Structure formats: structure tokens, C-alpha cells
Amino acid sequence: MSTDDAHDPKFGEYGGQYVPEALMPAIEELADAYGRYVLENEDGFMDEFRERLADFGGRPTPLQYAEQLSARYDTDVYLKREDLLHGGAHKLNNALGQVLLAKYMGKERIIAETGAGQHGTATAMAAAHLDMPCEIYMGETDIARQRPNVFRMKINGAEVNPVTVGRGTLKEAISETMRDWATTVENTHYVIGSIVGPHPFPKMVRDFQAVISEEAREQAIEETGGLPDSVVACAGGGSNTMGAFAEFVGDSSVDLVAVEAGGSSLTVDEAKGVAPNSATLSTGDEGVLHGARTKLLQDSDGQIMESHSVSAGLDYAGVGPELAHLVDEGRVTPANVDDEAALEAFHRLSQDEGVIPALETAHAFGYLERVAGTATDGRAAEPRDEHHDELGDTVVVNVSGRGDKDLETVIEETSKRDLSIAPDMSILNRVGGGGI
Amino acid sequence: MSTDDAHDPKFGEYGGQYVPEALMPAIEELADAYGRYVLENEDGFMDEFRERLADFGGRPTPLQYAEQLSARYDTDVYLKREDLLHGGAHKLNNALGQVLLAKYMGKERIIAETGAGQHGTATAMAAAHLDMPCEIYMGETDIARQRPNVFRMKINGAEVNPVTVGRGTLKEAISETMRDWATTVENTHYVIGSIVGPHPFPKMVRDFQAVISEEAREQAIEETGGLPDSVVACAGGGSNTMGAFAEFVGDSSVDLVAVEAGGSSLTVDEAKGVAPNSATLSTGDEGVLHGARTKLLQDSDGQIMESHSVSAGLDYAGVGPELAHLVDEGRVTPANVDDEAALEAFHRLSQDEGVIPALETAHAFGYLERVAGTATDGRAAEPRDEHHDELGDTVVVNVSGRGDKDLETVIEETSKRDLSIAPDMSILNRVGGGGI
Amino acid sequence: MGLERAFADEPAFVPYLAAGDPNYEDSLAYVEALAEGGADVIELGLPFSEPIAEGKTIQDAIVRSLESGMTPDRFFEFVEDLDVDVPLVCMTYYNLIYQYGSEEGPRPFVEKAADVGIEGFVVPDLPAEEAGPLREACDEFGLDLVFIVAPTTRGERLERMMEQVSGYVYVQARLGVTGARDDVDDATEDSLARLSDWDVPKAVGFGIKTGDHAEEIVASGADGVIVGSALVDIVAEGYERGDPTGEIADELEQLARELKQGALRGAQNRPQPERT
Amino acid sequence: MGLERAFADEPAFVPYLAAGDPNYEDSLAYVEALAEGGADVIELGLPFSEPIAEGKTIQDAIVRSLESGMTPDRFFEFVEDLDVDVPLVCMTYYNLIYQYGSEEGPRPFVEKAADVGIEGFVVPDLPAEEAGPLREACDEFGLDLVFIVAPTTRGERLERMMEQVSGYVYVQARLGVTGARDDVDDATEDSLARLSDWDVPKAVGFGIKTGDHAEEIVASGADGVIVGSALVDIVAEGYERGDPTGEIADELEQLARELKQGALRGAQNRPQPERT
Ligand SMILES: Cc1ncc(COP(=O)(O)O)c(C=O)c1O
Ligand SMILES: Cc1ncc(COP(=O)(O)O)c(C=O)c1O
């Protein structure tokens with residue numbers, strides 16, 4: 001990263017600052033602070049950030065050799081264990097960075113949007129840790145379906161503001177948080193949750209998340225003696241993705257694969273404005289959303305579509321402009337994995353490796369299965385030959401988060417399908433009791 | 001630890017091997033394996049264990065300076081972050097060690113008991129990781145009130161066997177697992193969940209957990225230039241406790257405080273055989289339970305009492321024989337914190353430090369508040385003068401686990417009380433939806 | 001010449017409504033009522049699914065309009081169907097402008113807008129930095145591009161905007177999003193002072209509700225008042241109550257008249273306006 | 001001398017019931033019925049709250065007994081109230097023995113047991129290694145201490161047990177916990193072979209249900225059969241059905257008779273027992 005980054009809002013054609021005038025001074029101030037504190041380590045900002053990531057966040061996270069998956073795919077599979085980060089997902093890297101930056105900037109209040117609640121909980125934790133008042137906007141629908149995360153935010157002392165407009169999901173929560181910010185820019189920092197939004201957010205969030213690939217690259221060299229052949233990460237907005245890719249972008253031998261949510265189908269319903277997926281990189285087109293030009297799921301008029309995925313954290317109609325750019329450049333390969341394959345991968349990783357991944361993360365493992373698994377659904381796989389083309393001999397998969405938050409969804413969605421890999425959950429009916 | 005440990009089943013008067021004859025060969029075989037693999041690192045067992053703890057478990061865990069608590073108590077408070085271990089609690093240290101040992105011993109099947117479900121989930125994860133079939137015994141009552149952990153075990157591929165005898169809680173699950181073991185000793189290893197049970201379990205579990213204090217001792221010296229003045233840990237069976245104490249036992253300048261569950265009261269109801277607490281070290285007497293002589297909650301006849309605590313993981317009528325011994329020797333100070341003070345401490349740590357502790361862990365922080373906090377319930381505390389006698393200038397608190405599993409309990413128990421520190425949870429009523 | 005003419009003789013009253021709120025037919029009647037009530041320019045909202053700059057009132061209007069089937073093409077039809085003799089400005093978000101037509105970029109949208117008689121644009125999520133292509137297209141088809149000046153806009157950014165603005169400048173009376181409020185903010189006077197040497201009319205908006213507000217705003221130096229949420233409220237409340245279209249239209253016309261009168265009163269109290 | 005006498009002349013039938021199951025009075029009748037049916041020794045269970053060595057049948061019996069108020073003191077009363085002329089063995093867990101009386105250790109319990117006429121103990125959670133203090137107290141008061149030999153007990157451990165055992169040795173017929181089963185395990189013969197040079201009677205238990213089982217066991221060299229769960233089942237089922245006490249007692253007596261007869265038959269089929 002160079003300090004020019006602070007003043008260049010674009011990634012090729014993508015990015016920019018498409019925001020209401022009232023926000024422009026705030027994002028200019030932020031771009032300036034990003035340049036000084038993040039890029040130039042003014043006042044030792046980055047040192048403090050890294051130290052807190054270690055002591056409070058639990059970094060470095062391990063790069064774990066996955067024995068069972070490696071045997072199954074006849075390829076060395078390494079897991080970058082962001083699920084072990086405090087809060088249970090990579091989200092804290094960014095949240096801690098931004099809340100600390102807000103503190104350096106003299107802001108007195110933190111706001112953030114959240115969809116699945118992962119970014120909200122990470123922000124609430126970081127704000128509590130750094131003693132900053134914090135308000136989280138969350139759609140009413142999401143509040144109802146992500147209650148444990150609502151509890152966690154409240155318990156960390158954050159206010160949770162329900163957003164009642166529209167469908168009451170992430171899209172609406174982002175818009176609402178921008179509205180709050182437009183009113184309160186002077187003392188408030190808006191902690192955006194992924195590499196989306198107006199410049200400098202996409203670059204800044206990437207830089208905070210880049211610690212993932214900094215560590216993984218070093219660990220891979222140390223453990224395997226060289227660079228991996230490919231790095232695979234799921235992509236919603238794309239922050240864990242760019243975090244996992246950033247330090248490898250310059251290594252042309254390393255394939256970078258961004259796996260999006262294929263949902264139930266790639267076919268959109270234009271009339272209803274609904275995409276039953278969130279495969280923005282593979283199926284979206286260029287447009288402007290939430291402050292940036294990027295790839296979007298939109299109808300032919302340019303109205304944003306409802307996206308859909310079994311995993312709430314991938315359920316977003318946009319994607320980070322940098323990823324859109326890297327896909328256009330051919331540096332990043334977009335892929336998508338549908339709900340069912342993600343659920344299967346969720347169960348496979350849980351049973352074979354003892355790591356329960358977030359449903360978001362499970363998409364990345366669904367990709368492994370597709371390109372290197374067998375056609376049959378037996379657990380003892382006969383690896384196909386061609387897979388080395390796709391994964392190479394060593395693949396790093398970013399385990400962006402843990403699946404505790406998804407248990408209820410997984411059980412419900414699994415029960416709707418006939419997955420031979422799914423465990424028998426009937427004990428929970430035999431022995432009574434309430435909800436999760 | 002010395003190799004004599006493998007053959008000495010006692011801690012002073014405590015410990016021993018009070019088990020049915022059918023189990024004796026199994027625990028003798030285990031004591032032998034403990035001596036060879038754990039104490040003498042035969043076949044590099046301990047090296048592999050430590051490596052897996054790092055790569056799979058996420059060790060080392062940080063020793064974090066707690067800024068807000070340090071200010072509040074006018075003492076440097078450090079958090080040993082076992083909550084960041086894979087699975088969310090210290091339990092994995094032991095589970096991984098035992099499942100790996102079972103593998104070295106050529107066993108083919110893992111069984112374990114669980115109460116709150118933490119040890120069961122840790123064992124299920126370790127067994128999945130090491131590709132061992134695994135069955136977990138769990139009381140019916142606990143299954144109904146700890147559903148997320150039941151889900152996690154099932155999802156990791158374990159069988160969960162409901163125990164319907166008696167109250168259907170931990171006590172009964174331990175007895176039932178011992179019965180299974182008595183039938184299957186030849187190919188099965190019983191992974192006990194704390195420093196309880198017959199020799200060699202108390203020593204072996206301690207040794208697997210001792211990594212906590214090995215790290216913490218080094219980290220404390222590195223970060224503060226010396227040893228802490230005190231180490232505080234909660235105690236149920238006492239595994240996180242002895243794990244946090246083990247390497248400090250020889251440091252006579254370091255006070256060791258084991259904080260048990262004071263429950264709702266320290267007064268027992270002899271007629272009903274019920275103790276409304278689990279304060280075994282402070283209020284129990286010597287007896288024999290689950291294979292060991294130790295301190296117990298029992299009536300005057302010697303029948304075991306029902307213990308009670310808001311935190312399921314402390315809710316056990318016994319305690320590790322080594323802790324009982326160290327308390328009698330005066331090396332460990334027993335303390336207890338009641339349900340209400342634990343709940344308050346839970347909220348305080350969550351709000352002030354951004355770390356949501358397990359309810360078990362919260363008891364350790366309740367102790368800090370009692371000896372060093374203010375009498376008033378205002379958040380800006382005026383530290384009392386005497387507290388330096390109790391904690392000294394530097395205190396390490398073992399954060400044995402994270403509180404995600406406890407959200408529902410905390411909300412319910414908080415709503416029954418008038419705690420000024422509790423967040424307003426009414427949003428969850430305003431915005432509809434099901435259980436957690 | 002362009003929208004400036006609407007501000008030339010007297011303080012302008014610039015109302016906003018979302019086209020198609022709550023449906024196509026009624027909305028035609030409401031917009032026409034504003035013209036009847038004395039509108040000098042009408043800002044017509046083309047609803048976008050993510051209106052990040054709007055308060056709850058206008059968000060709700062946008063939802064009603066979208067649900068009744070509003071699209072860019074319907075919007076252009078709407079403009080054609082309107083029977084008003086007042087300059088029209090299209091207020092929308094950039095993605096709709098950018099996506100329109102087969103060719104990439106804003107040109108097809110602007111061409112079509114010009115074709116149906118739109119005279120200018122307000123695009124709240126398009127700051128001057130990103131406005132190049134739209135400015136060009138507007139120049140090509142002779143349309144105005146209105147920018148919003150916020151209370152926080154200063155220095156360089158103000159200058160960049162001054163270079164590109166035409167028609168009028170939209171002075172945002174306070175931080176935040178659109179929505180009717182009960183007071184008039186000091187920020188307005190400060191902003192007007194910062195813009196005093198611009199030779200483009202200054203219309204003040206955000207939160208203006210009554211004739212007295214309008215009077216006060218104009219008295220402090222504005223060339224016009226922009227009123228949105230207060231009018232949308234009338235549509236929303238009438239719609240909720242199920243009032244007949246005519247009644248709602250009358251109410252709108254009445255408030256429009258009050259606002260226009262207020263603006264006119266304000267002009268009389270103005271501290272010596274220098275007329276050119 | 002002591003319990004051995006019960007095995008001296010013919011194979012012994014050793015039934016088990018939990019004292020106080022399902023209540024004090026009925027339980028007296030049931031134990032007496034066993035004596036009527038031909039019991040040579042009776043193992044009387046004093047229920048402990050954590051019976052780790054018992055299967056579900058006996059666990060349930062223990063719960064019934066505890067719920068009807070059984071305690072160590074009531075147990076001693078129970079023994080005094082029993083009208084039987086058969087040696088009694090107390091089967092319980094070590095904590096109850098350890099806690100009894102004011103003085104620490106097993107002595108007060110043993111003294112009291114001797115006082116009411118108990119002649120020996122079986123303590124499933126007390127292996128030979130931990131039995132020193134209890135053995136001493138038993139010696140002091142002239143009681144026997146029975147140990148359980150498991151199919152897995154071998155070598156050193158077997159020797160340590162041999163040094164301490166008296167009365168009879170309880171040969172566990174299979175791995176696992178108590179509970180009636182339908183087959184007779186090979187492990188029994190192996191165990192009996194391992195113990196062939198012990199000069200204490202060998203009673204085989206765990207899973208014996210019928211006269212034919214008993215016959216088979218004795219035929220393979222056992223000096224006696226221990227039967228628990230099969231008898232407890234009769235108590236449990238009768239209790240569930242609400243049968244009159246007399247009927248249940250009759251059933252117990254009948255099964256006792258069958259088992260005793262089976263044992264006697266077994267002795268006749270024995271491969272040349274060398275009598276001393
Ligand atoms: C665990 C996890 N992974 C991935 C994502 C997707 O976000 P991003 O694409 O920004 O990494 C989320 C979002 O909530 C998440 O919680
Ligand atoms: C987080 C946590 N802490 C503490 C305990 C108590 O166990 P121990 O005393 O063995 O550490 C438990 C038991 O479940 C636990 O989950």
C-alpha cells in the first residue's frame with residue numbers, strides 16, 4: 001500500500017465517492033486520517049492497532065493443515081483460522097481498526113450497520129474495548145432472525161436501532177446508517193463493515209483485513225516452504241476475501257478465488273426485482289450503490305435487487321469495488337456455490353475437521369468439493385484428476401468465521417433437504433425444550 | 001510434574017481410585033500411558049499435542065491488559081484469554097490431549113460426559129479433528145436447557161446419548177459414562193471433563209490444562225517484568241483453575257484464588273438434600289465421589305447433594321482432589337461469589353472490556369469486584385484501600401470461556417433482578433421473533 | 001435561459017413530490033395542484049430503491065411510488081402527461097441515470113429527459129467530483145445540473161461545485177437528510193453568506209414547512225425555497241385516510257400558496273436586495 | 001467361620017435386593033420371601049445417590065428406596081426388623097460407610113453393622129488398593145469383606161485382592177454393570193479358571209436370570225450364584241402394576257426357588273468337584 005492510496009478513490013473504473021454532499025467533508029477527513037494514521041503510521045497508530053489485535057483479538061490466528069480434507073482432495077489444504085478471532089469472525093480486524101482510528105480522529109461516537117450481526121457484534125466489542133459509545137443499525141427482519149447477535153451487541157453495551165423501512169435487512173440498514181452519519185458527521189464515525197462504500201472505506205477496510213494474508217503468506221512459506229498455489233475465500237462485500245488476497249495479489253503464481261453465494265439459483269426474477277442468489281461478481285453489472293461504483297445485482301432500470309442466500313453475511317447486492325476490478329482484470333476468479341452445496345460443505349468441515357464454519361465460510365469449502373471432490377456423495381472420496389488445475393498442490397482457504405451463529409439456520413435448512421451427510425437431529429425432538 | 005506422578009494416585013489424603021473393579025485395568029492402563037506419553041513424551045506425544053493445540057486450538061492465547069478494570073480496581077488486571085481457544089473455552093486443552101492420548105493408546109472410540117455441554121463440544125471437536133467416533137452422555141434436563149451445545153456436538157458428528165436417570169444432569173451423566181466405560185474399557189477411552197475422577201485423571205487433566213499457566217507465567221514476566229501478585233480463576237471441577245495455577249504453585253509470592261459458585265445462598269437444605277450453591281471448597285467436607293476422595297457437598301449420611309448455580313459449568317457437587325488438598329494446605333484460597341454478583345460481573349466485563357465471559361468465568365470477576373470494587377453500584381468506582389492486600393498490584397484472571405452459550409440464561413436471570421448495570425433488552429420484545 | 005429564469009423576478013417556490021406517489025393518476029393531479037398553487041420550478045422525484053439521502057417521509061413516498069409501478073420509462077411518460085407550465089427538474093439517484101438506455105453512462109437518460117421536457121437534474125449521491133459525464137451530457141442537451149451545498153461544504157469543494165453548477169444551487173439548510181422540521185437553522189445564513197458571490201440563484205431546502213419558514217428563509221437572503229417533506233406528508237396522510245384525490249390536491253395547492261406567499265413576504269423584508 | 005459356611009455343603013444361592021424398595025414394610029416382606037425361597041446369603045443394598053456400578057434396574061430400585069426415606073440408620077433398623085435366619089451382607093458405596101458416625105473413617109459403620117447382625121460387605125467402588133481401613137475395621141468386628149473380580153482383573157491386582165478378601169469372592173460374569181441378561185458369558189469360565197487356586201468360595205453374579213442360568217454357572221465350577229436385577233425386576237413390575245405385597249413376595253419366593261434348584265442341579269453336573 002502506498003500513501004497515494006489515500007487520495008486515489010478508484011480501482012480502475014470502480015470505486016469513487018458517490019455520497020450526499022453532507023458526507024463529503026467526513027469522508028475527506030477520513031481519507032486524510034487514513035493516509036496519515038494507517039498508511040504512514042502517524043502517532044504509532046498501526047503499532048497500537050497491531051498490538052490490540054494481538055492482545056485483545058487473539059492474533060496471529062493459525063494456519064492449520066486440514067488432514068481429512070487434504071486426503072479427500074489429494075491436495076494440501078490449509079485453513080486460515082479467522083474463526084478463532086475474538087468475536088468469531090474476521091470482522092474484528094476491521095472494526096477494531098476503525099474504532100481505534102475514530103479515537104485518534106477525536107470522534108466521540110461510533111455507528112455501524114449490520115446484517116447478520118457479525119459486523120455489529122465486532123463493532124460493539126471494539127467500542128466497548130475502547131470505551132466509545134456505539135449505536136448499531138439493524139433491519140427489523142434481521143433483528144428477528146439474528147437474535148443471539150442482537151443480544152451480544154446489547155450485552156457489550158451498544159444501542160441497537162431497528163430499521164423498519166423496506167424489507168428491514170442489510171441494504172436498508174446501510175442506507176439508514178448513512179443518514180445518521182449525514183446528521184452527525186462532526187462527532188461520529190461510521191464503521192462500515194466490508195470493503196464497500198465510498199472511498200476511503202474500500203481501501204481502508206482492506207488494509208485492516210490485510211493482516212490475514214500477511215500472516216497466511218508468512219505461515220505458508222514457513223510451513224510448506226513456498227507460496228500456496230491458490231487462495232480461496234468466500235465473498236459477500238468481500239472484506240475477508242480481500243483480506244485473504246491482499247498480500248498475494250502481487251504473487252502471480254497464486255490463483256485467487258472469490259466464492260459468492262449461488263443461493264437457490266442464478267436466474268433472476270426481473271419482474272419482482274429479486275435475485276435468488278448473491279453472485280454479484282459472476283452475474284452482476286456495473287452500477288453505483290452505497291457510495292461506490294461497482295458490480296451490482298440490479299434490474300435493467302438500475303433498481304437494486306433483493307439478493308438471497310442461506311448465509312445472511314453473503315446476502316448483499318453489491319461487492320467491493322476492488323474485487324470487481326480484480327475480477328475484470330482477470331487477477332481474481334469469481335465462483336459461486338449454491339445453498340445446498342454450502343450446507344453440505346458446512347457439515348463436511350464440521351465432521352471431518354472439527355471446525356464448525358460460518359455458513360458464509362462454508363461456501364469456500366463448497367468450491368473445493370466442486371472442483372476437487374467426487375461426483376458421488378460418499379465420504380471417502382476418489383479425487384478427480386483435473387482438480388490440480390483448479391487448486392494446485394497447496395490451497396489456503398480462509399475460514400472467515402465460526403458457525404455458532406448459524407446453528408438454527410443450518411438445522412432448519414438441512415431438514416428441508418435430503419443431504420446424506422447431515423447428522424440425525426431427532427434427539428432434539430425426543431428430548432423436549434424450547435428454541436435454541 | 002515428575003514421572004512419579006503416574007504412580008501416585010494421591011494428593012495428601014485426597015484422590016485415589018474408588019472405582020468398580022471392572023474399570024481398574026482401564027485406569028491402570030491409562031496411568032501407564034499417562035506416564036509414558038504425557039510425562040515422558042514417548043513417541044513425541046507431547047510435541048504433537050502442543051503442535052495441535054497451536055494449529056487447531058489457536059494457542060498461545062493472549063494475556064491481555066484490561067484497561068477499564070485496571071482503572072476501576074487501581075490494580076493491573078490481566079486477562080488470560082482462554083475464551084479465544086477453539087470451541088470457546090479452556091476445555092479443548094484437555095479434550096484434545098485425551099483424545100490424542102486415546103489414539104496413541106490404540107483406542108477406537110471416545111466417550112465423555114457433559115453438563116453445560118462445553119466439555120462435550122470440546123470433545124466432539126477434538127474427536128472430529130482426530131477422526132475418532134465419539135459418544136457424549138448428557139442428562140435430559142441439560143439437553144433441554146443447553147440446546148446450542150447439543151447442536152454443536154451433533155454437527156461435529158458425535159452421538160449424544162440422553163441420560164434419563166435422576167435429575168438428568170451432570171452427576172448422572174458422569175455415572176452413566178462410567179457405566180458405559182465399564183462395559184467397553186477394552187476399545188474405549190473415557191474423556192473426563194475436569195480434574196476429577198479416579199487417578200490418573202486429576203493429574204493428567206491438570207497437565208493438559210497447565211499450558212494456561214505456562215503461557216501466562218511467561219507472558220506476565222514479559223509484559224510486567226515479574227510475577228503477578230495473584231491469580232484468580234473460577235472453579236467447578238477445577239480444571240481451568242488448576243490449569244491457571246499449576247505453574248505458579250511453586251511461586252510462593254503468588255496468591256492463588258479459586259472462586260466457586262455461591263449460588264443463591266450458602267445455606268443447605270439437608271432435608272431435601274439440596275445445596276443452593278456449589279461452594280464445595282468453602283463449605284463441603286471430605287468424602288468419596290466419582291472415583292476420588294475429595295471435598296463434597298453431601299448430607300450428614302454421605303448422600304451427595306444437588307448443587308445449584310446460575311452457571312451450569314460450576315454446578316457440580318464435587319471438586320478436584322488436588323484443589324481440595326491445596327486448600328487444606330493453605331496454598332489456594334477458596335472464595336465464592338453468588339449468582340447475582342456473577343451476573344453483575346458478566347455485564348461489567350462485557351460493557352467495559354468488550355469481552356463477554358462465560359457465566360462460570362464471571363464468578364472470578366465477581367471476586368475482583370468484591371475485594372477491590374466499591375460498595376456503591378456506580379460504574380466509576382472509588383477503589384478501596386485494603387484491596388491491595390487481596391489482589392496485590394498485578395492480578396491475572398483466567399477467562400476460562402466465552403459467554404455466547406449463556407446469553408439466554410443471562411437475559412432471563414437478569415430480568416428477574418434489579419441490576420443497575422444491566423442493558424435495556426426491551427428491543428427484543430418490541431421487534432418480534434422466536435427464541436434465541 | 002434555463003432554470004435561472006424562474007428566480008429572476010421574485011423569490012421562487014420550488015416544491016418536490018415523488019412522481020407516482022401513491023400512484024400514477026393521483027400523482028399527476030398532485031403535481032398539477034402545485035403548479036396551480038404557484039410553483040416556480042417543480043422537483044419531480046424519480047424513485048430509486050436505495051434513497052440514502054432521504055428521510056423517512058420521502059423514503060415512504062418512494063416505496064409507494066415503486067410499488068405502484070414507477071420506472072424511468074413510466075417517469076418520462078408521466079412528465080409528458082403532466083399538464084403544467086412550470087419548469088421541471090428530475091431528482092433521482094445516479095444509478096438510474098447511469099443504467100438508462102443501451103449505451104453506458106448518463107447520456108441516454110439525459111437525452112430522453114430533454115426530449116420529454118425536463119430542464120435539469122438534482123442527483124443527491126453525485127458530488128461534483130463524480131459529475132463530469134453527467135455535466136457533459138447536460139451541456140449537450142441544454143439542461144441544468146443543480147448541486148446541493150451542505151452546511152459543511154467549504155473551500156475547494158465549494159469551488160469545484162461552483163464551476164459545474166447551473167440553474168440554481170440547492171442550499172441544504174441543515175445537516176442530515178430531508179424531512180420537515182419546526183425551526184429554521186442558523187446554518188442557512190452561514191451557507192448563504194459563503195455563497196454570496198455566486199451568480200447562480202440560491203434555493204434553500206431541508207425542513208421547510210410553513211409560510212413563515214419560507215418568509216424567514218427568503219428574508220435571510222435566499223432566492224427561493226425548496227419544500228418536499230411537508231408536501232409529501234399531505235399526500236401520505238390523505239392516502240392513509242383514504243381521502244379523495246381532489247381533496248388532497250386542494251390541500252397541496254393551499255400549502256403551496258401559503259409557501260409562495262411566505263416567500264414573497266420574505267422578499268419584502270430582505271435587507272436591501274441588490275437587484276441586477 | 002463367617003460367610004464361607006454358607007457355601008460349605010452345596011452351591012449357594014445369593015440374592016440381592018435394595019433395602020427399602022419400594023418402601024420399608026414391603027421390602028421386609030420381599031427379603032423374607034427370598035429367605036423362604038432358599039437364599040443362603042442375602043446381599044442387602046443400602047442405596048447411595050450415585051450408584052456408578054449399577055445398571056438401570058438397580059438404579060431405579062435405589063431411587064425408589066431413597067424416595068421412601070431410606071438412610072443408613074433406617075437400614076440398620078431394617079436389618080434388625082428382618083425376620084430371617086440367613087447371613088446378611090451389606091452392599092453399598094464407600095462414601096456412606098466413610099461418613100457414618102462422628103469419627104472419621106469406616107469403623108463406626110462397621111461397628112454398627114456388626115451390632116445389628118450384618119456379617120459382611122460388598123463395596124463396588126472400593127478396590128483392594130483403597131480397602132485397608134475397611135478391612136481393618138472388619139477384622140476388628142469379625143466381618144467379611146467381599147471383593148468383586150472382573151473379567152479384566154489379572155496379575156498383581158488379583159493377588160492384592162486375594163490377600164484381602166474373605167467370606168466369598170464375587171465373580172463378575174461379564175464387563176459392564178449389573179443387569180439381567182439372556183446368555184451366560186464365556187468370561188465366567190475364564191475367571192473361575194484364574195481363581196481356581198483361591199481357597200475362598202466363588203460366587204458368580206451379573207446377569208443371571210433363570211434356574212437354567214444358575215445351573216450352567218454352577219456346572220462350570222462356581223460355588224454360588226448371585227442374582228440381583230432379575231429379582232428387582234419382579235419388585236419393580238409388581239410395584240408398577242400395583243400388585244399386592246403378598247403376590248409380589250410369592251413371585252420372588254418362586255424365582256428364588258427356581259434359582260436355588262438350578263444351582264443344585266448344576267452341582268450334580270459338575271466335572272468331578274474335589275471336595276475337601
Ligand atoms: C463469517 C463471515 N464471513 C464472510 C462474511 C462476508 O463478508 P465479507 O465478504 O465482507 O468478508 C461475513 C459477513 O457477515 C461473515 O460474518
Ligand atoms: C467456561 C467454563 N469455565 C469453567 C468451567 C468449570 O470447569 P472447571 O472448574 O473444570 O474449569 C466450565 C465448565 O463447563 C466452563 O465451561
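Computed from a prediction, not measured in an experiment: that's the story for all the values here. Lettering of chains follows the sequences in order, A, B, ..., and the numbering in each one begins at 1.
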Pick one of side chain, backbone, both or neither for [X], based on which atoms fall under 4.5 Å of a heavy atom in chain B.
| X | result |
| --- | --- |
| A/L349 | neither |
| A/E67 | side chain |
| A/Y65 | neither |

Nearest-0.5 Å distance that lies between atom [atom1] in [X] and atom [atom2] in [Y]:
| X | Y | atom1 | atom2 | result |
| --- | --- | --- | --- | --- |
| B/F151 | A/I356 | CZ | CD1 | 11.5 Å |
| B/D55 | A/L79 | CG | CG | 10.0 Å |
| A/M125 | B/S350 | CE | OG | 8.0 Å |
| A/D406 | B/I155 | CG | CD1 | 9.5 Å |
| B/L407 | A/K154 | CG | NZ | 13.5 Å |

- Message: Would A/D83 and B/H86 count as a side chain to side chain contact (heavy atoms under 4.5 Å, CB included) here? Give the steps.
- Response: CA-CA 8 Å; A/D83 61 305; B/H86 183 44; 4.0 Å; yes
- Task: Give the minimum heavy-atom separation between B/P62 and A/G58, together with the two atoms involved.
- Result: CG-CA, 3.7 Å
- Nearest non-hydrogen partners of A/Q68 and B/H129, listed with the distance: NE2-O, 3.2 Å
Is any side-chain heavy atom of [X] less than 4.5 Å from a side-chain heavy atom of [Y]?
| X | Y | result |
| --- | --- | --- |
| A/E353 | B/F56 | no |
| A/R147 | B/E408 | no |
| A/H347 | B/N156 | no |

- Message: I'd like to know whether A/D404 forms a side chain to side chain contact (heavy atoms under 4.5 Å, CB included) with B/R402, so could you lay out the CA-CA distance, the side-chain angles of the two residues, the decisive distance to 0.1 Å, and finally the verdict.
- Response: CA-CA 12 Å; A/D404 300 41; B/R402 61 170 134 92; 3.4 Å; yes
- Task: Determine, step by step, whether B/Q64 and A/R52 satisfy the side chain to side chain contact (heavy atoms under 4.5 Å, CB included) criterion, reporting the C-alpha distance in whole Å, the side-chain angles of both residues, the deciding distance to 0.1 Å, and the verdict.
- Result: CA-CA 9 Å; B/Q64 180 203 334; A/R52 287 187 188 269; over 6 Å; no
- Message: Under a 4.5 Å cutoff for heavy-atom pairs, which residue among B/G157, B/P60, B/P423 has the most contacts with chain A?
- Response: B/P423
- Task: Go through the atoms of B/R59 and report whether side chain, backbone, both or neither lie under 4.5 Å from a heavy atom of chain A.
- Result: neither
- Item | B/R152 portion near chain A, given a 4.5 angstrom heavy-atom threshold | both
